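Everything quoted here is computed from the prediction, not taken from an experiment.
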Amino acid sequence: MANASGFYGDRHDALREMLTGGPVDVVTGDYLAELTMLILGRDLMKDPAAGYAKSFLRQLEECLGTARDQGTRIVVNAGGLNPAGLAAKVRELASRLGVETRVAHVEGDDLRARGGWGEGVLTANAYLGGRGITACLEAGADVVVTGRVTDAALVTGAADWWFGWDADAYDQLAGAVVAGHVLECGAQATGGNYAFFGEHDLRRMLHPGFPLAELHADGSSVITKHPGTGGVVDLGTVTAQLLYETGPVRYAGPDVTARLDSVRLTEDGPDRVRIEGVRGEAPPPTLKVGLNRIGGHRNQVEFILTGLDIEAKAAYVQAQLEDALSRGKQRPREVRWELVRTDRPDAATQETASALLRLVVRDADPELVGRRLSGAAVELGLSGYPGFTLTEPPGRGAPYGVFEAAYVPQDEVPHVAVLPDGTRREIPAPSVTRALEPVPPPSLPPPLPRGSGAVRRVPLGTVAGARSGDKGGDANVGVWVRTDAAWRWLVHELTVDRFRQLLPETEDLPLTRHLLPELRALNFVVEGLLGEGVTSRHRFDPQAKGLGEWLRSRHLEIPEVLL
């Protein structure tokens, strides 16, 4: 099982690379994210025939013949908000190329017509499981297009078809979920975005290959990549991806709940990591529904502050703009200032002598964040702080979206597989479900002995890796170490209180720590850090991609025996 896309806009050549780099039975592609659904929703507003990831068709045009010659099935969620429309386009493409192709699609996730979501909802999509994909492949589909399914469902649906698992084969399904989660973000499993990238030969990391999973009937798997491709697959790269955008120990999905605290990783040779021991439980009775709505209008201005008196200059221009925005007409609903100190004393270049002062405004009225703001900023050009300049002229502002999650009973969501011959097969909801409950925390290992040696104040990242990401307005930071001794130190040192001290932005936000001893890892979930989600651009790093690296840069007293 191979992956050829981790997001809408990922490497164009990946599909061809995965089909020609070695034998694969199924190639999957993940094109959807919360931001992508908003983009596709706006596309659909302009053109009712749109709403899918157009780049998939361009990739497929180059590779469809190769896939058919090899008998490789292709399963993608590129259908977005219009899986039927994309399936029709794939049929047209196959006909034009003269390549006989059986195409099926999965639908039912679009719940806009259900109503009750409040005003301004642009998209409302349930996260379906893999059973519809299974039905399509069982009916002989060569290409399966879905709308919003869980990212891992692309793999679980194909694995279920291949092995013929029963609906209650929870351990096997959970193993496939974990493999699917490792594959879903493409090159993040092969060394991309990896905390310890500097430990590997840079030449290997220039063009990481995409990951493969060798799946077995018992639910175990081996993560690897095609021979001769770039990147690295090792315990660290797989651990990092396992922690990415996860939350509690119970990792819930529509078909099964996987227990992340049961995952065991072992090296299985060069660029091979075995995943085994995964336990599964019945899925929850509800499905997550992702809602995107237009939240208002947003604009941004960046002032460049150079040389001396940076903070005084920032206070000066802030006072001038606040005065201008408060005069006469109503002030914008939200006004946020952030001073980014990129400057250095006695700098050798002007850029390194400069800091950025960022102003972000939001309001339902486009006029309040548009010409009124841009005019007020530009008019300071000859009457502001010394060296007044902007990174670029301010624009007119643009609408932004907000994301939120809702939950509906599984049996109230249609799940339909539209088979290659046009037959519509309804996929029943699970007959057995289990409500999600917190897992009691495991026993902690003993701390390192008192007086075990000297300590040194160094960055946490000297001994720990991290990967972080977003889920709506929440952020997660997974932190792991590579030895038992380091784990004994980390689990007692990096508490919730210490996390808040290291990342003060989290001080007043709900924060939960989850323990994963098998991975020597902690997973922190920070609620509300990202405001209303990535599309509202609540902070400098709206998807929390760099949050883990910020944590790794903070200094702690670390025992020298670990260094």
Side-chain angles (χ1 to χ4, degrees), residues 178 182 194-200 232 234-244 246-251 258-268 273-279 438-468 475-504 506 511-526 547-563:
V178 171
V182 174
Y194 182 51
F196 299 114
F197 71 96
E199 297 180 358
H200 300 297
V232 173
D234 64 16
L235 290 177
T237 66
V238 174
T239 298
Q241 178 54 30
L242 274 175
L243 295 172
Y244 182 62
T246 58
V249 168
R250 284 193 163 102
Y251 188 64
R259 288 287 297 266
L260 297 181
D261 57 346
S262 65
V263 179
R264 296 199 307 272
L265 304 180
T266 54
E267 296 278 7
D268 194 55
V273 172
R274 180 173 296 278
I275 301 175
E276 55 192 348
V278 185
R279 299 200 313 273
V439 174
S443 300
L444 300 184
L448 292 179
R450 286 182 176 273
S452 56
V455 297
R456 195 187 315 163
R457 188 168 181 80
V458 294
L460 173 62
T462 308
V463 297
R467 179 164 287 166
S468 54
N476 94 291
V477 183
V479 185
W480 81 95
V481 290
R482 298 183 284 187
T483 67
D484 289 338
W487 170 242
R488 291 172 62 185
W489 172 80
L490 181 76
V491 75
H492 291 281
E493 176 67 23
L494 195 56
T495 61
V496 167
D497 287 342
R498 181 54 59 89
F499 187 97
R500 292 191 193 278
Q501 292 171 10
L502 296 174
L503 303 187
T506 68
L511 174 62
T512 308
R513 185 178 87 151
H514 305 283
L515 278 69
L516 300 167
E518 292 285 353
L519 302 177
R520 301 192 193 98
L522 305 171
N523 189 30
F524 294 87
V525 178
V526 188
L547 192 63
E549 289 302 296
W550 178 25
L551 179 66
R552 293 182 70 236
S553 75
R554 299 308 309 269
H555 288 222
L556 288 169
E557 303 286 342
I558 298 179
E560 286 192 350
V561 69
L562 303 179
L563 301 176

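- Contact check for Trp487 versus Leu444: no side-chain heavy atoms found under the 4.5 Å cut-off.
- Taking each heavy atom of Ala464 and Val479 in turn, the nearest pair found is CB-CG1, 3.9 Å.
- Here OG1 of Thr246 is found 6.0 Å from CG of Leu260. Values are rounded to the nearest 0.5 Å.
- Listed here is the closest heavy atom pair of Gly548 and Ala466: O-CB, 3.7 Å.
- A donor-acceptor distance shorter than 3.5 angstrom exists from the side chain of His492 to the backbone of Pro445, with no hydrogens or angles considered.
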Start with the C-alpha gap between Leu460 and Arg554, add the side-chain angles, then the distance that decides, and say whether side-chain contact (heavy atoms from CB on, under 4.5 Å) holds. CA-CA 6 Å; Leu460 173 62; Arg554 299 308 309 269; 5.6 Å; no
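- Considering only residues two or more places apart in sequence or on other chains, Arg498 meets the side chain to side chain contact (heavy atoms under 4.5 Å, CB included) condition with Glu493, Leu494, Thr495, Gln501, Leu502, Leu556.
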Residues Leu522, Leu516; criterion side-chain contact (heavy atoms from CB on, under 4.5 Å); working and verdict: CA-CA 6 Å; Leu522 305 171; Leu516 300 167; over 6 Å; no
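- When all heavy atoms are compared, the tightest approach of Tyr194 to Gly236 is OH-CA, 3.2 Å.
- A donor-acceptor pair is defined here as one N or O able to donate and one able to accept, closer than 3.5 Å; such a pair exists between the side chain of Arg488 and the backbone of Pro447.
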Using the side-chain contact (heavy atoms from CB on, under 4.5 Å) rule, take Val481 and Leu562 through it: C-alpha gap first, then chi angles, then the decisive distance, then the call. CA-CA 10 Å; Val481 290; Leu562 303 179; over 6 Å; no
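- For Pro459 against Ile558, the heavy-atom pair with the smallest separation is O-CD1, 3.7 Å.
- Formation of a donor-acceptor pair under 3.5 Å by the Ser468 side chain with backbone atoms of Val477 is not found in this model.
- Using a 4.5 Å heavy-atom threshold, the side chains of Arg259 and Arg250 count as touching.
- Aromatic ring pairs are classed by plane angle as parallel below 30°, tilted from 30° to 60° and perpendicular above 60°; the pair Phe499 and Phe524 is parallel.
- By the ring pair (Phe, Tyr, Trp, His ring centres under 6.0 Å) test, Tyr251 is found to be paired with His181, residues two or more places apart in sequence or in another chain being considered.
- Rounding to the nearest 0.5 Å gives a distance of 12.0 Å between CZ of Arg450 and CG of Leu448.
- When every heavy atom of Val525 is checked against every heavy atom of Gly247, the shortest pair comes out as CG2-CA, 3.8 Å.
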The test is side-chain contact (heavy atoms from CB on, under 4.5 Å); show your working for Arg513 and Val491 and say whether it passes. CA-CA 10 Å; Arg513 185 178 87 151; Val491 75; 4.2 Å; yes
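- Arg520 contributes no side-chain N or O that, together with a main-chain N or O of Trp480, makes up a donor-acceptor pair within less than 3.5 Å.
- Using a 4.5 Å heavy-atom threshold, the side chains of Val526 and Leu503 count as separate.
- With Asn476 contributing its side chain and Leu243 its backbone, the two residues share a donor-acceptor pair below 3.5 Å.
- Once rounded to the nearest 0.5 Å, the distance linking CG of Leu515 with CG of Asn523 reads 10.0 Å.
- Every side chain to side chain contact (heavy atoms under 4.5 Å, CB included) that Glu518 has, sequence neighbours left out, goes to Arg264.
- Of all heavy-atom pairs spanning Val273 and Asp234, the tightest one is CG2-C, 3.4 Å.
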